[in-house]
Amino acid sequence: MKALTWQGKRKLSVEDVPDPVLQEPTDAIIRVTSTAICGSDLHLYELLGPFLAPGDVLGHEPMGIVEETGSAVPGLKPGDRVVVPFNIACGRCHMCSRGLQSQCETTQVRDKGSGAALFGYTELYGSVPGGQAEFLRVPHANYGPVKIEDSQAPDEQYLFLSDILPTAWQAVDYANIPDGGTLAVFGLGPVGQFAARIGRHLGHRVIGIDLIPERLEMARRHGIETLAWGSAVADELRDATKGRGPESVIDAVGMEAHGAPAAATAQFAVGLLPDAVAKKLMSTAGLDRLSVLHTAIDAVARGGTISLSGVYAGEADPMPMLTLFDKQVTLRMGQCNVRRWIDDLVPLAADSADPLGIGDLVTHTAALSDAPAMYEKFQKKEDGCIKVVLKP
């Protein structure tokens, strides 16, 4: 089959790789009909190469048609249409029973000290072949895949149940927005767009912050107030909230935030090191760009909550603990527990009124063969690129 493979920093190629086969009774094989590029995929493209090997298949936002199932997958049959959550969970362990599927005890990558295995996301999460490919083996298919009964709707109506829609829903839930409170969303990429819209859908005032005009304009189309990112944005948020700051803040940016030149230089330098040295450094040092997170801490109201959905990877990031303690700030974070939120989200995705504006997110659709060029376009934020869907 054809699959998008990692070959080095900023170097991807579509290659012929072996077709996946059933390995366990709980496996399924799906023919991928749509698969998206996620903002967190860009961390693989730029920073996390030391944890990848040439030939690794990327991608963790797929959906498609079931081709084959193992003997222990009674709920699926060939021909079924499914969305595949990005985290691989068993559905029956202690963590899954608590709604913490991202910490599944069956698939935890214990030798790396990591949570549940993920599709297409480095050796830290199991080196599981990803979904930017023509076919995908789905472990624990007796639990994970979300069956889509609507055979007529376009893939894009349901595709984002694989990751960014539940990630945004969890971010808003974790933000603990009080009645009458304000939600600020830093970063209006795909997760930030959905988080802002979910906040509005739930009846809250939402202010979105970004530096890309097309992202700000997209947010405004959905009734979101916007501010342009800059050095005074925390003061602007206080001015907009009676001097207090927003009670709830979502950081939907993560480790590659703009406005942190020293950390950016450190990240670049680590990328030049041999993999063994770079792995050790990334496992012990603070290498995240923290400009957005530190601004969120500055801006959030006293007694407020900051919800992190952007990916961070530094082990020794400097944090303003005095400010966090003095302001009595709550931090909530973590990989999304996709299956936990599916029952809340499927009805919204199926609603013909499109209450979350799912139909207004994709800016670019391309063939799988164009994936390397689309990664570059997405990373450079060229041509108004906000969300890319690939069609194997």
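- Between the side chains of R332 and S307, no donor-acceptor pair is found at a separation under 3.5 Å.
- Salt bridge status for K2 with E15: absent, with no side-chain N to carboxylate O gap under 4.0 Å.
- Residue I30 comes nearest to M63 through the heavy atom pair CD1-C, 4.2 Å, listed as atom of the first residue, atom of the second, then distance.
- The environment of CZ in R244 is sparse: at most 12 heavy-atom neighbours from other residues, nucleotides or ligands sit within 6.0 Å.
- Across every non-hydrogen atom of P62 and V32, the tightest pair is CB-CG1, 4.4 Å.
- Exactly one residue among E214, R220, E217, Q193 makes a side-chain contact (heavy atoms from CB on, under 4.5 Å) with L188. That residue is Q193.
- Heavy-atom minimum distance, H204 versus I177: ND1-CG2, 3.4 Å.
- Residues Q103 and Q108 have side chains that never bring a donor and an acceptor to within less than 3.5 angstrom of each other.
- For E382, the CD atom sits in a packed shell: over 12 heavy atoms of surrounding residues, nucleotides or ligands are nearer than 6.0 Å.
- A salt bridge is defined here as a Lys NZ or Arg NE, NH1 or NH2 lying under 4.0 Å from an Asp or Glu carboxylate O, and K112 with E123 meets this definition.
- L356 and L348 get closest at one heavy-atom pair: CD1-CD1, 3.9 Å.
- Q132 and Y375 are linked by a side-chain donor-acceptor pair at a separation below 3.5 angstrom, with hydrogens and angles left out of the test.
- Between R205 and E225 there is a salt bridge, since at least one side-chain N of the basic residue sits less than 4.0 Å from a carboxylate O of the acidic one.
- Contact check on K387 versus E61 returns a salt bridge, with a Lys/Arg side-chain nitrogen under 4.0 Å from an Asp/Glu carboxylate oxygen.
- A salt bridge does not link R81 to D150: none of the charged side-chain nitrogens sits closer than 4.0 Å to a carboxylate oxygen.
- Note: F186 and W229 have perpendicular aromatic rings, judged against thresholds of 30 and 60 degrees for the angle between ring planes.
- The shortest distance between side-chain heavy atoms of V362 and F160 falls below 4.5 Å.
- Heavy-atom neighbours of D111 CG from other residues, nucleotides or ligands within 6.0 Å: above the threshold of 12.
- Between the side chains of N337 and Q170, a donor-acceptor pair is found at a separation under 3.5 Å.
- Within a 6.0 Å sphere centred on CZ of R221, heavy atoms belonging to other residues, nucleotides or ligands number more than 12.
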request  = Would you sort out whether E376 and R10 count as a salt bridge (Lys or Arg N to Asp or Glu O under 4.0 Å), showing the intermediate values?
outcome  = CA-CA 8 Å; E376 182 177 6; R10 300 182 201 151; over 6 Å; no

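- Looking at K391 and T33, their side chains never bring a donor and an acceptor atom within 3.5 Å of each other.
- Remark: R339 is positioned above the aromatic ring of Y143, its terminal NZ or CZ atom under 6.0 angstrom from the ring centre and at most 45 degrees off the axis.
- The ring-ring contact (aromatic ring centres under 6.0 Å, His included) test with H60 singles out one residue from F86, Y125, F119, and that residue is F86.
- How far OG1 of T295 is from CD1 of I209: 9.5 Å, rounded to the nearest 0.5 Å.
- Counting heavy-atom neighbours within 6.0 Å of K147 NZ, excluding the residue itself, gives a total above 12.
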